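The structure appears below as C-alpha cells.
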Amino acid sequence: MTLALVGAIMVLLTAFALPGIKSGLHEVPVAVVGPAPQTAALTARLDAAAPGAFDVRVLTSADQAREQILGREIYGALLMGGSGLTLDVASAASPAVATALTQAVTSLGAAASIPVQVKDVRPFPADDPKGVGLSTGAVPLALGGWIAAVGIMAGVRGARQRLITGAGFAVVGGLGLVAILQYGFGTIDGSYWLTALGAMLGAGAACFAVLGLQRMFGKVGLGLAVVALILLGSPLSGLTSAPELLPAPWGAIGQFLPPGATGTLLRNLALFDGAATTGPILVLAGWLLGGLALFSVGTLRARRRAARLAMHQTAAAAD
C-alpha cells in the first residue's frame with residue numbers, strides 16, 4: 001500500500017509538472033505559400049531556427065491556406081509576396097500557439113531583413129479576446145461530471161433513477177455552461193444550440209463514465225475515474241495552450257480523455273463552425289457508451305447477486 005500511494009503521488013507530480021516544464025512547440029502544423037524555391041528556403045529556415053517545432057506543409061494559394069486554418073487542419077500560414085511575409089493565424093484555435101508562431105516568424109523575418117505582417121483570421125470575440133472563459137469553462141464541465149456522479153451515487157437510489165438524473169445533469173449542465181460562455185462572458189459567438197449539444201455530450205460522457213466504472217468495479221472504478229478526469233485529464237487537456245504544446249505523447253493522450261475532448265469539441269463547434277469535430281465526438285461517445293455498458297452490466301450483476309442471496313436466505317429459513 002505504501003508503494004502504491006507513493007507511486008500515485010509520483011504519477012500525479014509527473015502529470016501536472018511535466019507538461020509545464022516541457023511545454024513548447026512540437027510539430028505544430030503550419031503552411032507556407034509561395035514560389036517553390038522560396039518556400040523550400042523558408043521551410044529550411046524554420047527547421048533550423050526551431051528544430052522539431054513545426055510540421056510545415058506547402059500549399060498552392062492563400063485561399064487554400066485560409067480554408068485549412070478555419071478547418072482546424074493547420075494553426076497558421078506564411079504567405080510569401082513581393083512586399084515580404086504575411087502570417088495568417090487563428091488566435092481562437094490557441095492564443096498560445098498564435099503568440100509563439102508570431103514570435104518565431106517575426107524573429108525569422110528580422111534575421112533575414114524581411115518585413116512581416118500578421119493577420120488574425122479567426123480571433124475570439126472582443127468581450128473575451130484571450131478566450132479565458134473557454135479554457136476555464138470546459139474543464140469544470142468535465143470535472144463536474146465526476147462531482148455529479150458522486151452526488152448521484154450518494155443521494156439517488158435505483159439504477160433507473162440514477163440514469164435519469166445523470167441525463168438531466170448532462171442536458172441542463174450543457175445548456176447552462178454554454179449560456180454563461182456565450183451570453184455571460186461573450187467568449188463564443190457560434191450557434192448556441194449546436195455548442196450546447198457538444199457540452200451535453202461532454203458532461204454526459206464524464207458523468208456516465210464515473211457511474212459505470214463505480215458500478216462495475218466499486219472503489220477501484222471510482223479511483224480510475226479520478227485518474228482519467230482529474231489526475232491526467234485536466235493537466236493533459238491542452239485547454240490553456242494546445243495539445244501540440246505538450247510533450248509527446250502527453251498531448252495526444254489528453255485528447256482521448258473527457259476534459260481534452262470536451263474542450264476541443266466546444267472550441268471547434270463554437271468558433272470554427274463545427275470543423276474537425278469527428279474525433280472528439282467519437283472519443284466522448286466512447287466514454288458515454290462505455291460508461292452506460294459498464295453501468296448496465298454492473299447493475300445486472302448486482303441484481304443476480306441479490307437474487308442468489310435471497311434464495312439462500314429463503315432456503316436457510318426453510319431449513
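Residues: numbered from 1 along the sequence shown. Values in this document were obtained by computation on a predicted structure and should not be read as measured data. Atom set for the values below is all heavy atoms of this structure, side chains included, hydrogens, waters and symmetry mates excluded.
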So NZ of K119 and CG of L79: to nearest 0.5 Å the spacing works out to 8.0 Å

Between D189 and F124, does the side chain to side chain contact (heavy atoms under 4.5 Å, CB included) criterion hold? Intermediate values first, please.
CA-CA 8 Å; D189 55 7; F124 279 103; over 6 Å; no

So T60 and V33, side chain to side chain contact (heavy atoms under 4.5 Å, CB included) or not? Walk me through it.
CA-CA 6 Å; T60 58; V33 178; over 6 Å; no

S241 and L246 have their tightest heavy-atom pair at OG-CD2, 4.5 Å

Between the CG atom in L177 and the OG1 atom in T262, the distance rounded to the nearest 0.5 Å is 10.0 Å

field: Between S91 and D120, a side-chain donor and acceptor under 3.5 Å
entry: yes

Side chains of F185 and I180, heavy atoms from C-beta outward: is any pair under 4.5 Å? yes

Check: Side-chain contact, heavy-atom cut-off 4.5 Å: L265 with L284?
Finding: yes

Item to complete: Kindly indicate whether the side chain of L292, heavy atoms from C-beta on, has any atom under 4.5 Å from the side chain of L163.
Response: yes

Testing the 3.5 Å rule here: is there a donor-acceptor pair between the side chains of Q182 and T195? no

Tell me whether R303 at atom CZ has more than 12 heavy atoms from other residues, nucleotides or ligands lying less than 6.0 Å away. no

Shortest non-hydrogen pair, P259 vs L239, comes out as O-CD1, 4.0 Å

Short question: side chain of T39, backbone of A36 - any donor-acceptor pair under 3.5 Å?
-> yes

I'd like to check L294 versus Q214 (side-chain heavy atoms, cut-off strictly below 4.5 Å). Are they in contact?
no

**OP:** Check the surroundings of atom CG in L309: do more than 12 heavy atoms from other residues, nucleotides or ligands lie under 6.0 Å from it?
**Re:** yes

- prompt: Is the number of heavy atoms from other residues, nucleotides or ligands within 6.0 Å of CG (D273) greater than 12?
  reply: no

In terms of heavy-atom contacts, R162 and F295 come closest through CB-CZ, 4.2 Å

So CG of D88 and CG of L85: to nearest 0.5 Å the spacing works out to 11.5 Å

* Is the backbone of F272 close enough, under 3.5 Å, to the side chain of N268 for a donor and an acceptor to pair up by distance? -> no

When every non-hydrogen atom of C207 is compared with those of A148, the smallest separation belongs to SG-CB, 4.4 Å

ask   = Under 3.5 Å, is there a donor-acceptor pair between the side chain of Y183 and the main chain of V178?
value = no

Would you say the side-chain atoms of W287 pair up with the backbone N or O of F256, donor to acceptor, closer than 3.5 Å?
yes

- Assess whether side chain to side chain contact (heavy atoms under 4.5 Å, CB included) is satisfied between L229 and V210, documenting all intermediate values. CA-CA 9 Å; L229 295 178; V210 178; 3.5 Å; yes

Taken to the nearest 0.5 Å, the spacing of L101 CG from L87 CG works out to 5.0 Å

| request: Indicate, with yes or no, if V226 and M216 share a hydrophobic cluster defined by side-chain heavy-atom contacts under 4.5 Å among Ile, Leu, Val, Met, Phe, Trp and Tyr. | output: no

Tightest non-hydrogen contact, residues L134 and T187, listed as N-CG2, 3.4 Å

#### Entry: Heavy-atom side-chain proximity of M153 to V150 below 4.5 angstrom
yes

Rounded to the nearest 0.5 Å, the CG atom of L197 sits from the CG atom of L266 at a distance of 11.0 Å

For I188 and R267: C-alpha separation, side-chain torsions, deciding distance, then whether side chain to side chain contact (heavy atoms under 4.5 Å, CB included) applies. CA-CA 8 Å; I188 58 179; R267 184 188 302 273; over 6 Å; no

Output for pair (T277 OG1, L282 CG), nearest 0.5 Å, gives 9.0 Å

Mark yes or no: R215 above the aromatic ring of F217, with NZ or CZ under 6.0 Å from the six-membered ring centre and no more than 45 degrees from the axis. no

Hey, does E67 have a side-chain heavy atom less than 4.5 Å from the side chain of D63?
no

Under the 3.5 angstrom rule, does the side chain of T264 hit a backbone N or O of G260 as a donor-acceptor pair? yes

Donor-acceptor check, side chain of Q255 to backbone of S237, threshold 3.5 angstrom: yes or no?
yes

Original post:
Quick one: are I69 and R122 in side-chain contact, heavy atoms under 4.5 Å?
Top reply: no

Taking every heavy atom of D47 against every heavy atom of F54, the minimum-distance pair comes out as OD1-O, 4.4 Å

Practice task
For residues L59 and V32, determine if any side-chain heavy atom of one lies less than 4.5 Å from a side-chain heavy atom of the other.
Solution key: no

